[in-house]
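Below: the structure, in structure tokens.
Just so it is clear, the model here is predicted, and its values are computed rather than measured. By convention here, the first residue in the shown sequence is residue 1. Ligands are counted one by one from 1 in listed order, and the atoms in each one are counted from 1 as well.
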Amino acid sequence: MRAYVSVDMEGMPFVVSEDHLAPGRPLFEEARRVATAVVACVAEELHQRGFSEVIVADSHGSMVNLDVERLPEYVEVIRGFPRPVSMVACVEEADAVLFLGYHAKFGTERATFDHTYSGRVYRSVHVNGVEASEFLLNAYVAGHYGKPVILVAGDERLLEEDVAAHAPWAVRVPLKRGLSRLAARSFSLERTRRMLREGVSEAVRRFAAGEARPLRVGAPVELRATFNSTAYADVASLAPGVRRVGPLTVEYSARDIVEAYKLLELWALAAVALR
Ligand SMILES: [Zn+2]
């Protein structure tokens, strides 16, 4: 069996400062050490529970974050950006999917670095009328390929709101409780590792029992994005078939969630070209 582990940073324990989030910033080394410890612990437990291979998708920012020299032999790492379906590239190759270090969507109170896909670009993303977090977008893509999300570890607000509502079969491991956008409390790394090991064990049990389900969204997919700037909506509207429905908002009828997701990536990249 093969597991797929998508790794973000904002929902990792102790990560609370912009200085944690990009290479070259003073606290980035600490953040990547913590993220790597979390990933290694989960990979080890998956391996002990029967997953002979673990695909790890390094999925924050430039998508080159983890200390790959500290990952075990059976781990394969996906790195770099841009790549098709971004945080879940190659998810179709796996049997079960786990999300680590995930954070709440834009506009969530007391949740560290609440944002949706690109904090600079998107104010909200709706899929068939449902406001999506990155968790939901990525779980829908996994579900499109028939793959269930079996565990999500990250910000408590994301787990309590989106994960509990949309994927109640997924084990939820809180890695932090937000006190504000830029403050959180977390357990020790040692206790966090224990919670992750117990969580993986339970997730694999539910998966083996057939309790974990792929999260499928209907097709076609009605995608609606609201941007942080009218300029971003101007640019997004240049693509054929995209409808401008408000100063900041565009809509698109996509064939399926994968097409919708790729368009979100493209719009975010196009927005970055603007000053
Ligand atoms: Zn991130």
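- Using a 3.5 Å distance cut-off with no hydrogens or angles, the side chains of His20 and Glu10 do not pair a donor with an acceptor.
- Salt-bridge annotation for Glu259 and Lys262: absent, with no side-chain N of the basic residue lying under 4.0 Å from a carboxylate O of the acidic one.
- Distance check: Trp267 CH2 to Tyr122 OH gives 6.0 Å after rounding to the nearest 0.5 Å.
- Protein N/O/S atoms found under 2.8 Å from the Zn ion (ligand 1): Asp8 OD1, Glu10 OE1, Glu10 OE2, His60 ND1.
- Side-chain polar atoms of Ser86 and Tyr117 form a donor-acceptor pair below 3.5 angstrom.
- For the residue pair Arg194/Ser188, the side-chain donor-acceptor check at 3.5 Å is not satisfied.
- Classification of the Phe99-Phe135 ring pair by plane angle, with boundaries at 30° and 60°, yields perpendicular.
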